[in-house]
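Structure, as structure tokens:
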Amino acid sequence: MKMNIFLHEIRRHKQSILTWSISLILLLFVFMAMFNSFASEAEVLNQTLAQMPKELLTAFGLDGVDMSTVLGFFSFVFLFCQICLAVQAASYGFGLVSVEETDLTADFLLAKPIGRGQILTSKFLAAFTGLTLTNAVVWIGSFVVIELFRDSRPYETNTLLLLLISLFFLQLFFLSFAILLSLLMKRVRSVNTAAMALAFGMYALSAFGGMLGDETFDLLTPFKHFDPNTIISQQAYELPLVMISVVIILLSVAGSYWLYLKRDIHSVN
Amino acid sequence: MNIYLRELKANVKSLLIWSGAVVLFVLVGFSKFSAYEGNPELLAIFDSMPPALISAMELRAFNLTTVTGFLGLMFTYFSLMLAIAAGTWGADIIVKEERDRTVEFALTLPVTRARLITAKALAATTNSFILLLVTWASVLVGSMSYQTTPEFYQFLVYIMIALFILQLIFLSIGIFLGCAMKHYKKASSIMMFVLLQAYIVSMLAGLDQRLEFLRFITPFKYFNPARLLHESKFDPTSLLLAAAIIVVCLAGAYFTYQRRDLYL
């Protein structure tokens with residue numbers, strides 16, 4: 001790893017890290033502020049839900065969500081945090097190497113006496129550090145807003161930790177998968193479009209699959225690998241699904257190095 | 001006209017990818033719908049469901065055992081997809097000249113800046129419209145194997161009009177951002193925030209009655225498929241808001257691009 005590339009990359013992401021962190025904090029705050037008024041209503045709702053057949057609840061993702069509990073309500077916000085973090089990770093991933101090519105700085109960078117592997121490592125670590133900083137903000141923010149608004153209702157700290165740890169994997173998934181995709185493409189035209197499409201595509205798969213109760217979608221999308229409702233109701237990860245994510249992360253990272261080392265780089269003239 | 005055709009050609013690939021995604025989505029959705037069709041047990045469940053949580057998922061207002069109800073449910077996903085496509089196309093079509101360093105060339109053509117924007121905006125609108133037609137066609141194909149009623153086709157027309165207005169809203173926001181932002185990278189990242197915000201707020205607004213007012217800040221809530229189905233009319237306030245956003249954004253786009261300092 002080269003420190004100056006790393007620092008340069010961190011500086012490049014500085015503003016974006018800040019904006020994402022602030023938006024996420026706002027999101028958490030606004031959502032959890034409604035918890036109290038919502039929780040009392042949800043208790044009535046729960047009684048009705050309890051009378052329904054289990055299969056149907058599962059099909060609609062209503063299984064295991066108890067909106068009157070702290071974490072049950074939190075899982076709702078958490079889903080949006082997941083989407084935001086996924087978009088952020090994907091946009092860092094898509095931009096990681098492709099930005100040098102669109103800005104025509106790739107030949108400058110590659111002319112430096114540093115191996116391509118090192119360049120990729122430094123950039124990858126820098127992007128991941130940025131994501132982790134945002135993640136840390138989400139961690140702190142979650143604990144703070146829950147403490148602020150839970151109104152002495154109890155919650156399981158361990159389950160909350162499980163949820164928050166899953167963000168780490170989700171970010172890695174989107175970061176590494178997006179890098180791989182960007183290297184498979186000849187040229188990434190718009191980083192943000194690609195990132196939105198990837199993150200929202202995966203989210204739509206998960207939401208739509210959940211609605212239809214189809215298990216095959218579960219395998220494809222990381223939003224299902226780390227489904228907050230499942231984590232809350234089982235107080236554990238669904239290991240086989242998590243393994244899929246981990247394998248995809250490893251394969252994407254390996255594939256990215258392989259592709260980048262032999263990438264044909266388009267330069268000025 | 002040259003610019004218009006050139007822009008259309010340049011966007012063919014992106015259009016094809018989005019069309020593919022939409023077609024795939026519709027076909028998968030409708031093939032799964034067979035599990036719901038005419039399932040009375042499911043209907044009984046929905047009738048007994050209390051509003052709070054279910055309304056967030058838009059399940060309440062529709063009879064999911066009919067194609068019409070299913071279509072209403074899919075509206076959310078359609079609007080999300082088409083809005084992302086339109087928004088990013090709008091920002092991209094302006095911004096790409098600077099990104100690809102062709103802006104000097106484009107502006108030395110004997111065409112005023114205003115006409116350049118007009119041509120580009122029309123091209124992006126055409127693209128959005130084609131994507132809409134693709135959506136329309138694939139819904140028609142997907143619903144063929146199910147029992148449809150005249151009501152279904154009427155509802156489909158309403159939905160498509162609503163989707164088109166949504167596309168225009170996000171398209172004009174995109175074009176405005178593309179024209180007004182100093183640096184080209186800003187435009188697309190702000191567009192991303194606008195889309196995310198609109199989606200998240202729309203979910204929030206559905207959560208609770210007291211948050212009804214939120215629906216004014218998110219275009220995704222301007223058109224309520226349930227009301228389109230049951231009342232067969234658009235909400236005038238929302239239409240007015242939509243028109244206002246489009247007009248203001250486009251006016252802003254022309255105004256700012258005229259005096260734009262190019263990023264080279």
Side-chain angles (χ1 to χ4, degrees), chain A residues 15-16 19-20 23 26-27 30-31 34 37-38 41-42 44-49 51-53 56-57 59-62 65 67 76-77 79-80 83-84 87-88 91 95 99 102-104 189-197 199-201 203-205 207-214 217 268, chain B residues 10 13-14 17-18 21 25 28-29 31-33 35-36 41-42 44-46 48-54 56-57 59 64 73-74 76-77 80-81 84-85 87-89 91-92 95-96 99-101 184-185 187-193 195-197 199-201 203-204 207-211:
Chain A
Q15 209 202 342
S16 143
T19 332
W20 278 111
S23 337
L26 270 177
L27 176 70
V30 169
F31 244 105
M34 308 189 314
S37 65
F38 195 83
E41 216 174 288
V44 187
L45 175 70
N46 280 332
Q47 290 164 5
T48 340
L49 281 178
Q51 296 161 0
M52 293 181 189
L56 273 156
L57 293 181
F60 286 97
L62 298 175
V65 218
M67 296 288 263
F76 207 63
V77 206
L79 177 67
F80 292 118
I83 299 177
C84 290
V87 173
Q88 185 198 20
S91 77
V99 84
T102 36
D103 288 355
L104 304 177
R189 281 175 182 276
S190 171
V191 170
N192 288 327
T193 313
M196 294 278 292
F200 267 102
Y203 166 68
L205 269 186
F208 204 61
M211 194 182 86
L212 298 169
D214 194 322
F217 288 119
V268 197
Chain B
K13 205 167 135 195
S14 169
I17 296 175
W18 278 105
F25 174 74
V28 170
S31 72
K32 295 287 166 192
F33 169 66
Y36 289 145
E41 194 189 342
L42 196 65
I45 300 293
F46 284 122
S48 61
M49 270 191 180
L53 180 67
I54 292 86
M57 307 173 68
L59 291 175
L64 255 190
L73 196 66
M74 286 176 89
T76 320
Y77 298 95
L80 188 61
M81 282 199 286
I84 294 179
T88 51
W89 280 340
D92 223 50
V95 144
K96 68 174 184 183
R99 188 188 59 211
D100 298 344
R101 296 170 183 76
Y184 67 90
K185 280 181 186 154
S188 76
S189 49
I190 293 183
M191 191 64 228
M192 185 167 75
F193 270 101
L195 282 161
L196 266 176
Q197 169 271 346
Y199 183 67
I200 291 175
V201 171
M203 293 297 273
L204 259 175
L207 200 64
D208 194 306
Q209 291 268 304
R210 279 158 291 180
L211 297 169

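Every heavy atom of this structure was used, including side-chain atoms; hydrogens, water molecules and symmetry mates were not. By convention in this document, chain letters (A, B, ...) are assigned in the order of the sequence lines, proteins followed by strands, and residues within each chain are numbered from 1.
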Which portion of B:L80 sits near chain A, non-hydrogen atoms under 4.5 angstrom
side chain

Relative to chain B, which segment of A:V87 carries a heavy atom at a distance below 4.5 Å: side chain, backbone, both, or neither?
side chain

Is the closest side-chain heavy-atom distance between B:T88 and B:M192 below 4.5 Å?
no

Part of A:L79 within contact of chain B (heavy atom distance under 4.5 Å):
neither

side-chain contact (heavy atoms from CB on, under 4.5 Å) against B:S189, all qualifying residues, sequence neighbours excluded:
A:N192

Take atom CZ in B:R99; do more than 12 heavy atoms of anything else shown fall under 6.0 Å from it?
yes

Using non-hydrogen atoms only, which part of A:S23 is less than 4.5 Å away from chain B: side chain, backbone, both, or neither?
side chain

Is any side-chain heavy atom of A:V191 closer than 4.5 Å to a side-chain heavy atom of A:V99?
no

